[in-house]
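Encoded as structure tokens, the structure appears first; notes follow it.
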Amino acid sequence: MRRPARRAQSLMALALIAPAAVAGCTSGGSSDTAALVADYATVDDQYRQIQTGLSLPKGVSYPAHMPDSGGRYVTGAGTVTAQNYWFCAWLWTYLGEIPAARGQSRQAVQQLLKYPRMDAYTNGLDAKGRGSVDAAIQAAGQGTTPNVRTFARTSCGGPFYGQAHGAASVQTD
């Protein structure tokens, strides 16, 4: 089965697209197939449960549910989705684009440094994706705003992740 291409800059979309594609790749008589695949209710529950440990910046809240792509998901997709949403919110905070969180750039950099220890990074990205994230986090630490802005625009848009901008400035690419 053909695997979806992974563009380094579109890592956030992978949390929603890749689970269904990977689930399709686990067909056959494998005894571990059930462990690799979960239904929407399971991953949505994961998504909602992990939020308690992932504090968002002022002015941002998690959407009530993760998007339902209508397929089966890799176990852990809910965790990855919530962590990616968290990461996007802190990227936008660093950039000063969340009105209620302006002036929290230093705090945002400290929060962004946590992402490489999360499942979304360690299990959800390939080497190229991790390299792109690393470069964005490094740019934030160095105060190189244009590089962070480019990364955030390509990775944190759309109707779901765009909500990480906060209520006043939802991006709907």
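No hydrogens, no waters, no symmetry mates; every other heavy atom, side chains included, goes into these values. All values reported here derive from a predicted model rather than from experimental measurement.
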### Query
Excluding sequence neighbours, so at least two apart, what forms side chain to side chain contact (heavy atoms under 4.5 Å, CB included) with Q49?
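Checked Q49 against side chain to side chain contact (heavy atoms under 4.5 Å, CB included); matches are D45.
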#### Entry: Partner set under side chain to side chain contact (heavy atoms under 4.5 Å, CB included) for Q107, not counting sequence neighbours
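For Q107 the side chain to side chain contact (heavy atoms under 4.5 Å, CB included) partners, ignoring immediate neighbours, are W90, Q104, Q111.
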Answer whether the closest heavy-atom distance between the side chains of [X] and [Y] falls below 4.5 Å.
X    : Y    : answer
Y73  : T42  : no
W86  : K114 : yes
Y115 : D134 : no
P63  : Y47  : yes
V43  : T81  : no
L56  : Y85  : yes

### Audit row: N147, T150, side-chain hydrogen bond (donor to acceptor under 3.5 Å, both in side chains) steps and yes/no
CA-CA 5 Å; N147 295 351; T150 298; 5.7 Å; no
### Query
Mind checking what makes ring-ring contact (aromatic ring centres under 6.0 Å, His included) contact with Y40, not counting sequence neighbours?
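Listed in chain order: nothing, the list is empty.
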Distance (rounded to the nearest 0.5 Å) between [X] [atom1] and [Y] [atom2]:
X    : Y    : atom1 : atom2 : value
D44  : H65  : CG    : NE2   : 5.5 Å
C88  : Q163 : SG    : CD    : 11.5 Å
T154 : R149 : OG1   : CZ    : 12.5 Å

### Message
Tell me if a side-chain donor or acceptor on Q83 pairs with a main-chain N or O of A120 at a distance below 3.5 Å.
### Response
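Side chain of Q83 to backbone of A120: a pair is present.
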